[in-house]
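For reference, the structure discussed in these notes is given below.
Please read all numbers here as calculations on a predicted model, not as lab measurements.
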Amino acid sequence: MIKFFSNLRFLAITIWLLAVVSSFAWNTVDNRREQNSTALETARAFFEQIMISRRWNLMHGGVYVYTTELSPPNPHIPKERQTIRDEDGHSMTLINPAYMTRQIASLTQDKDSVLFHITSLNPLRKENRAKEWEVPWLKSFEQGTKEQFAFTNREGGKIFRYMAPLAFTETCLPCHDGQGQEPGSIRGAISVTLPYQYHRSLWPLFLTHLFTALLGIGGILFFAGRLSKSID
């Protein structure tokens with residue numbers, strides 16, 4: 001009888017520990033899933049804001065700003081539309097959606113914040129050349145992939161990278177005519193890089209499960225002892 005109760009206690013403790021370990025593993029995976037979901041939704045939101053800004057620009061046929069060193073005429077726009085002059089004779093440059101996206105992206109380059117990059121496998125401007133990590137994602141978009149994302153580490157901490165394609169439309173023809181692309185094909189993409197600070201320590205989760213495991217083992221040993229004495 002004593003051996004029977006000893007085996008029964010061992011079995012109960014084993015089952016209890018398996019349940020606690022399974023719970024810890026599930027919560028750890030869920031924590032990682034929440035981390036990925038938060039980063040992905042944040043990156044998607046930034047990408048969508050860029051696309052809304054581009055649609056606004058396109059809705060107005062581009063916008064004109066005063067010509068400066070930061071906003072020189074765009075040589076890829078038809079010459080008759082590159083610049084106009086205001087009533088005082090000051091030159092104004094046409095800013096199309098791609099030009100606007102590059103300028104927005106340049107404002108974030110020197111800051112530890114969200115980074116944007118408009119890119120292509122066949123760019124018109126050298127500034128738009130794909131980075132090494134962007135190349136395989138751009139190729140995947142040509143095969144029908146809708147978006148790409150991943151965590152990676154760099155000096156200063158973890159970052160989250162996201163990229164989605166830009167489809168070629170008739171509105172792209174004024175700048176990209178003659179490159180042999182058809183409407184609906186993938187012209188390029190915009191990448192979003194987030195400096196990711198989200199971190200939830202596993203120690204509270206570990207200590208909670210450790211306490212639960214010890215409490216359960218104590219309860220099993222106590223009640224098994226009481227039952228054994230009662231039978232005796």
Do Asn57 and Tyr99 get their side chains close enough for a donor-acceptor pair, meaning under 3.5 Å?
-> no
Please test Met163 against Leu138 for side chain to side chain contact (heavy atoms under 4.5 Å, CB included), starting from the C-alpha separation and ending with a verdict.
-> CA-CA 9 Å; Met163 183 185 279; Leu138 284 166; 4.2 Å; yes
Residues that Arg125 engages under salt bridge (Lys or Arg N to Asp or Glu O under 4.0 Å), provided they are two or more places apart = Glu127
The single option from Pro73, Ser91, Pro72 passing side-chain contact (heavy atoms from CB on, under 4.5 Å) against Gln82 | Pro73
Does Leu40 belong to the same Ile/Leu/Val/Met/Phe/Trp/Tyr cluster as Ile190, with side-chain heavy atoms less than 4.5 Å apart forming each link?
-> yes
Verdict with supporting geometry, Ile104 and Ile50, side chain to side chain contact (heavy atoms under 4.5 Å, CB included) | CA-CA 9 Å; Ile104 294 175; Ile50 299 172; over 6 Å; no
Output yes when Glu134 and Arg129 qualify as a salt bridge under the 4.0 Å nitrogen-oxygen rule, no when they do not.
-> no
Could you please spell out the steps behind the side chain to side chain contact (heavy atoms under 4.5 Å, CB included) verdict for Asp86 and Tyr66?
-> CA-CA 9 Å; Asp86 66 8; Tyr66 285 108; 2.9 Å; yes
Quick note, salt bridge (charged side-chain N to carboxylate O under 4.0 Å, His left out) partners involving residues 57-80, not counting sequence neighbours, are none
Considering non-hydrogen atoms only, spot the tightest contact between Ile159 and Pro195 and give its length.
-> CG2-CA, 4.2 Å
Heavy atoms only: give me the nearest Trp16-Gly216 pair and the separation to one decimal.
-> NE1-CA, 3.3 Å
Taking everything shown except Tyr64 itself, do over 12 heavy atoms lie less than 6.0 Å from its OH?
-> yes
Side-chain hydrophobic cluster, 4.5 Å single linkage: members besides Leu215 = Phe211
Would you indicate whether Lys131, at its atom NZ, is surrounded by more than 12 heavy atoms from other residues, nucleotides or ligands within a distance under 6.0 Å?
-> yes
Of Asn74, Ile77, Thr93, which is the lone residue that meets side-chain contact (heavy atoms from CB on, under 4.5 Å) with Thr83?
-> Thr93
State, yes or no, whether a side-chain contact exists between Leu194 and Phe46 at a heavy-atom distance under 4.5 Å.
-> yes
Check salt bridge (Lys or Arg N to Asp or Glu O under 4.0 Å) between Glu142 and all other residues, then give those that pass, not counting sequence neighbours.
-> none
To the nearest 0.5 angstrom, please state how far the OG1 atom of Thr193 sits from the CZ atom of Phe116.
-> 9.5 Å
With sequence neighbours excluded, what pairs up with Glu41 under the salt bridge (Lys or Arg N to Asp or Glu O under 4.0 Å) test?
-> Arg44
hydrophobic_cluster_shared for Ile217 and Leu18, side chain cutoff 4.5 Å = no
Looking just at side-chain N and O atoms, do Thr101 and Arg54 make a donor-acceptor pair shorter than 3.5 Å?
-> yes
From Phe47 atom CZ to Glu147 atom CD, the distance as rounded to the nearest 0.5 Å = 9.0 Å
Residue set satisfying side-chain hydrogen bond (donor to acceptor under 3.5 Å, both in side chains) with Ser71, at least two apart, ordered chain then number -> Gln103
